[in-house]
Amino acid sequence: MSPLSQTHIAPSDKPARPATLWQRALRHRSFMLGAVLVALVLGVALLSLVWQPYPPAELDIPNKLQGPSTQHWLGTDSLGRDIASQLMVGAQSALMVGLLAVGLGLVMGLALGLLAAARRGWVDEVLMRAVDFGFAFPALLTAILLAAAQGPGLATSIIAIGLFNIPVFMRVTRAAAMNVWARDYILAARLSGLSTWTITRSHVLPNIAAPLIVQATIQCALAILAEAALAFLGLGTQAPQPSWGRMLADAQLQLFNAPLLALWPGLAIAITVLGLNLLGDGLRDLLDPKLRHRH
């Protein structure tokens, strides 16, 4: 028997399995950092539902403007209220406005954007001109109009920010849906006799979910910033409900005497917005096939 016949050929290695979404997410540093920051803020808001160091509206005038201590971890404000308790409960208002306002904009904008992409023609033209008109009324202007009609408050912030988000999601939905409607498999579905709404529900909507999720995350960060701005101007959350924006408004009167009063709510807003933006950027990289190879 020749030596060549006795040579054993090693079996070829099996091709590596592509990494799952969860495995790629764990390796994506921006996504993980954003997820940790958002989870931290969400955890603080949930904890405040059952426990706070002190009642957030409790006044303690003799101990006003105190610095951080073992009794008051982050100090007290100009009325002696515990800052840590106000920050914890203020997270509820920020997240509530972000989720409800973005949810309102997403539901309405998704429905109208799908309608524009499916119907085309004059329906699309009318809806897109309505979008242009909607962008002429930013959240601040809408909040001023609503506050003049029904008074300032948390509901005013949610409605104003939600109305501004509707045209944003309409444009994103229409652009993504129009791209899907141009695909060959949509043409095949139409030739097979499926109705427009069946195709929209079964083929278009699942294929535009990724950009909508990313946009919703980014808009949630912008909504929290808008809520803080409206509360700062007195158009949003009203006393005694704590709000990060109103805490900043109160702190500006004591900026030189107690600068930490402005630091804590500003830091809370920055952490929340940064976390949501990092989370949105990470989701964009993970869900977009064109960007997966970079991470």
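Here the structure is a predicted model, which means the values were calculated and not measured. All residue numbers in this chain count up from 1 along the given sequence.
Judged by distance alone, with hydrogens and angles left aside, the side-chain atoms of T198 form no donor-acceptor pair with the main-chain N or O of L194 at under 3.5 Å. Of the possible donor and acceptor atoms, none in the side chain of Y54 sits under 3.5 Å from a partner among the backbone N and O of H72. Side chain of T76 to main chain of I83: no donor-acceptor pair is present (N/O by atom type, distance under 3.5 Å, no hydrogens or angles). Side chain of Q219 to main chain of Q215: no donor-acceptor pair is present (N/O by atom type, distance under 3.5 Å, no hydrogens or angles). No donor-acceptor distance shorter than 3.5 angstrom exists from the side chain of T173 to the backbone of M170, with no hydrogens or angles considered. A donor-acceptor pair under 3.5 Å is absent between the side-chain atoms of Q254 and the main chain of Q252, judged by distance alone.
In summary, the side chains of S243 and E227 do present a donor paired with an acceptor at a separation below 3.5 Å, with no hydrogens or angles considered. Of the N and O atoms on the side chains of Q66 and N63, not one donor lies less than 3.5 Å from an acceptor on the other residue.
In plain terms, the two heavy atoms of P211 and A176 that are nearest each other are CG-CB, 4.3 Å. Residue Q86 comes nearest to P56 through the heavy atom pair CG-O, 3.7 Å, listed as atom of the first residue, atom of the second, then distance. The minimum heavy-atom distance linking S157 with G236 is given by the pair OG-CA, 3.2 Å. Closest non-hydrogen pair, T217 versus G280, comes out as CG2-N, 3.6 Å. Scanning both residues, Q238 and G234, for their nearest heavy atoms gives NE2-O, 3.1 Å. Looking at every heavy atom in both residues, P167 comes nearest to V131 through CB-CG1, 3.8 Å.
With a 4.5 Å cut-off on side-chain heavy atoms, W73 and P53 count as touching. Side-chain contact between D60 and L79 is absent, with no heavy-atom pair separated by less than 4.5 Å. Proximity of L283 to F31: side-chain heavy atoms (C-beta onward) are separated by under 4.5 Å at one or more points. At least one side-chain heavy atom of I218 sits under 4.5 Å from a side-chain heavy atom of N277. Using a 4.5 Å cut-off on side-chain heavy atoms (C-beta onward), L33 and R29 make no contact. You'll find the side chain of I186 reaches within 4.5 Å of the side chain of R190, heavy atoms only. With contacts defined as side-chain heavy-atom distances shorter than 4.5 Å, the pair V168/F135 qualifies. Within the 4.5 Å cutoff, the side chain of L248 has no heavy atoms near those of the W244 side chain.
Other residues, nucleotides and ligands contribute only 12 or fewer heavy atoms inside 6.0 Å of the CG atom of D184. Counting non-hydrogen atoms of neighbouring residues, nucleotides and ligands closer than 6.0 angstrom, the CD atom of E58 exceeds 12 such neighbours. Counting heavy-atom neighbours within 6.0 Å of M128 CE, excluding the residue itself, gives a total above 12. Around CH2 of W51, the count of heavy atoms belonging to other residues, nucleotides or ligands within 6.0 Å exceeds 12.
Cluster membership check: V107 does not share its hydrophobic cluster with L205, using side-chain heavy-atom separations under 4.5 Å among Ile, Leu, Val, Met, Phe, Trp and Tyr. Under the 4.5 Å side-chain heavy-atom criterion for grouping Ile, Leu, Val, Met, Phe, Trp and Tyr, L104 is not connected to L106 through any hydrophobic cluster. No continuous path of hydrophobic side-chain contacts links L163 to L141 [ILVMFWY only; heavy atoms under 4.5 Å]. Taking hydrophobic clusters as Ile, Leu, Val, Met, Phe, Trp and Tyr residues chained together by side-chain heavy-atom distances below 4.5 Å, V89 does not share a cluster with L154. Both L87 and L260 belong to a common hydrophobic cluster when Ile, Leu, Val, Met, Phe, Trp and Tyr are linked at side-chain heavy-atom distances under 4.5 angstrom.
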Report task. Might you work through the side chain to side chain contact (heavy atoms under 4.5 Å, CB included) test for L222 and N165, ending with a clear yes or no? Result -> CA-CA 10 Å; L222 296 177; N165 276 309; over 6 Å; no

**Report entry** Full working for salt bridge (Lys or Arg N to Asp or Glu O under 4.0 Å) between D77 and R81
**Finding:** CA-CA 6 Å; D77 64 5; R81 295 171 295 190; 2.8 Å; yes

Requested in this report: Begin with the C-alpha distance, continue with both residues' side-chain angles, and end with the deciding distance and a verdict on side chain to side chain contact (heavy atoms under 4.5 Å, CB included) for Y185 and N207.
Outcome: CA-CA 12 Å; Y185 63 86; N207 284 286; 3.4 Å; yes

Report task. Begin with the C-alpha distance, continue with both residues' side-chain angles, and end with the deciding distance and a verdict on side chain to side chain contact (heavy atoms under 4.5 Å, CB included) for T156 and T142. Result -> CA-CA 9 Å; T156 298; T142 306; over 6 Å; no

Query raised in the report: Step by step, would you call D124 with R129 a salt bridge (Lys or Arg N to Asp or Glu O under 4.0 Å)?
Result: CA-CA 9 Å; D124 182 22; R129 297 295 73 77; over 6 Å; no

Report task. Output, in order, the C-alpha distance, side-chain angles, deciding distance and verdict of side chain to side chain contact (heavy atoms under 4.5 Å, CB included) for Q92 and L49. Result -> CA-CA 8 Å; Q92 298 179 25; L49 293 174; 3.5 Å; yes

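If you take CG on D82 and CG on L74, they are separated by 7.5 Å, rounding to the nearest 0.5 Å. Atom CG of L127 is separated from atom CZ of R119 by 11.5 Å, given to the nearest 0.5 angstrom. Distance check, rounded to the nearest 0.5 Å: CG of L230 to CG of L146 gives 10.0 Å. Residue L99 holds its CG atom at 10.0 Å from CD1 of I158, rounded to the nearest 0.5 Å. Taken to the nearest 0.5 Å, the CG atom of L253 stands 10.0 Å off from the CG atom of L261. Taken to the nearest 0.5 Å, the CE atom of M32 stands 10.0 Å off from the CG atom of L279.
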